[in-house]
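See below for the structure under consideration.
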Amino acid sequence: MVKTMMKSLFCTFFMVGAGIVSVWAQASPSSSEEKLKLGAEADAAVVTKYLWRGQRLTDDWSLQPSGSVSLGSFSINVWGNLDLAAVNEGDVLLISENPASTPGNSRGLQGKFSEVDYTFSYQMAAQDASIEFGSIFYTFPDRSASLPSTVELFGGIALETVPLSPAFTIYVDVDETRDDSGDMGLYFQFGASHAFTLGHPRFPAVDLSGWISFVNEGFSEFYYGAANRGVHDVNVTLTLPIQWTE
């Protein structure tokens, strides 16, 4: 695992370095200074169920804090899932193996982090598009006995000036799926979005977005024990932003 993480970090920073050299070579001094801007942000979400790529991982309330630090186009994010209810017994993950608490284990993982993820990414702007790539390290602090940490590399492109703003992202597990099934798990996601203008001073638009994903046999074999491939999950989101001030 350590060797895999080091190799993945090396690949990520190599790609980031190449991207930085390419962008800076075309940037003016002023734009280069802007790209070195330091930033930080944090947020937290309370959800009724923890869903990840179509899978219910915690079938009750969870707190999901997140924090990011960025330097120019490079960023580091730490995200976690804290169980707020006693529905996870410990070393289990999928909802089919995720029963309610029992008398012998009344609290389960309540009040504990069932997952903490670390994302290292680099985002760059190209003509009419946004490109992002990096690594994600998945860790499971209170499930480590039967659920080892794993590593993904990812890369994506968003075509911002094309109708429906299509976006394509591919995630490749280079660690546990390869060791378990011999075939690296691939998760490919295609998304699109559109804003419908309402013209209201408080409700300017309705945002409609969604995605459809596809997986290979390495992904399905690792997560479900079945060598299937094809469509995996579909998501549609309708958002109504509120503008308090003009």
Side-chain angles (χ1 to χ4, degrees), residues 1-9 11-12 47-62 64 79-102 104-105 107-110 112-119 134-156 168-191 210-236:
M1 176 62 196
V2 174
K3 290 183 179 180
T4 301
M5 292 179 65
M6 294 302 296
K7 289 180 181 179
S8 300
L9 273 175
C11 291
T12 300
V47 298
T48 58
K49 298 180 188 297
Y50 171 27
L51 300 176
W52 181 77
R53 296 180 183 173
Q55 306 174 64
R56 282 183 294 170
L57 303 187
T58 295
D59 198 27
D60 212 318
W61 292 86
S62 295
Q64 298 178 340
W79 177 94
N81 184 81
L82 176 70
D83 284 10
L84 297 179
V87 295
N88 289 322
E89 290 189 342
D91 291 327
V92 293
L93 178 61
L94 300 180
I95 191 63
S96 60
E97 304 169 341
N98 193 10
S101 59
T102 62
N105 188 14
R107 292 184 59 84
L109 293 182
Q110 185 177 17
K112 298 180 180 179
F113 280 95
S114 57
E115 181 177 344
V116 178
D117 302 337
Y118 305 88
T119 302
S135 298
I136 306 175
F137 300 89
Y138 298 90
T139 67
F140 308 93
D142 288 287
R143 288 173 166 159
S144 58
S146 63
L147 193 61
S149 56
T150 192
V151 182
E152 278 186 341
L153 299 181
F154 72 91
F168 309 86
T169 309
I170 186 168
Y171 300 86
V172 183
D173 188 298
V174 295
D175 188 7
E176 289 300 321
T177 60
R178 182 180 58 182
D179 294 340
D180 185 70
S181 64
D183 188 9
M184 289 188 296
L186 302 180
Y187 181 89
F188 175 78
Q189 186 179 84
F190 167 70
W211 77 68
I212 182 171
S213 71
F214 304 85
V215 300
N216 73 336
E217 294 179 352
F219 184 97
S220 59
E221 176 70 28
F222 180 76
Y223 287 103
Y224 308 114
N228 298 323
R229 59 183 176 181
V231 176
H232 183 262
D233 62 285
V234 178
N235 177 278
V236 177

Determine the minimum heavy-atom distance between [X] and [Y], stating which atoms define it.
| X | Y | result |
| --- | --- | --- |
| F219 | N216 | N-OD1, 3.0 Å |
| L153 | S135 | CD2-OG, 3.0 Å |
| E176 | T150 | N-OG1, 3.2 Å |

- Mark yes or no for whether S62, through its side chain, and V47, through its backbone, hold a donor-acceptor pair below 3.5 Å.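 Such a contact is absent between S62 side chain and V47 backbone.
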
- Task: Keeping the roles fixed (side chain from T139, backbone from S149), state whether a donor-acceptor pair exists under 3.5 Å.
- Result: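 No, T139 side chain to S149 backbone: no donor-acceptor pair under 3.5 Å.
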
Restricting to ring-ring contact (aromatic ring centres under 6.0 Å, His included), what partner residues turn up for [X], sequence neighbours left out?
| X | answer |
| --- | --- |
| Y118 | none |
| W52 | Y138, Y223 |
| F168 | F190 |

- Query: What residues form a side-chain contact (heavy atoms from CB on, under 4.5 Å) with S220, not counting sequence neighbours?
  - Reply: Y224, N228

- Query: Sequence neighbours excluded, which residues qualify as side-chain contact (heavy atoms from CB on, under 4.5 Å) partners of L51?
  - Reply: R56

- Could you tell me whether the side chain of W79 reaches within less than 4.5 Å of the side chain of T119, counting heavy atoms only?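 No, side chains not in contact.
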
- Note, P141 side chain near K112 side chain (heavy atom, < 4.5 Å):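 Answer no - side chains too far apart.
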
- Task: Can you measure from NE2 (H232) to CD (Q55) and round to the nearest 0.5 angstrom?
- Result: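 Going from the NE2 atom of H232 to the CD atom of Q55 covers 5.0 Å.
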
- Task: Nearest 0.5 Å please: distance from the NZ atom of K49 over to the OG1 atom of T58.
- Result: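 Result: 10.0 Å between the selected atoms.
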
- For R53, enumerate each residue passing the salt bridge (charged side-chain N to carboxylate O under 4.0 Å, His left out) test, keeping only those at least two apart in sequence or located in another chain. E152

- Query: Just one of T177, D173, D233 clears the side-chain contact (heavy atoms from CB on, under 4.5 Å) bar with Y187, so which one?
  - Reply: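 Single side-chain contact (heavy atoms from CB on, under 4.5 Å) partner of Y187 among T177, D173, D233: D233.
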
- Exercise: do D83 and Q110 side chains pair donor with acceptor under 3.5 Å: no

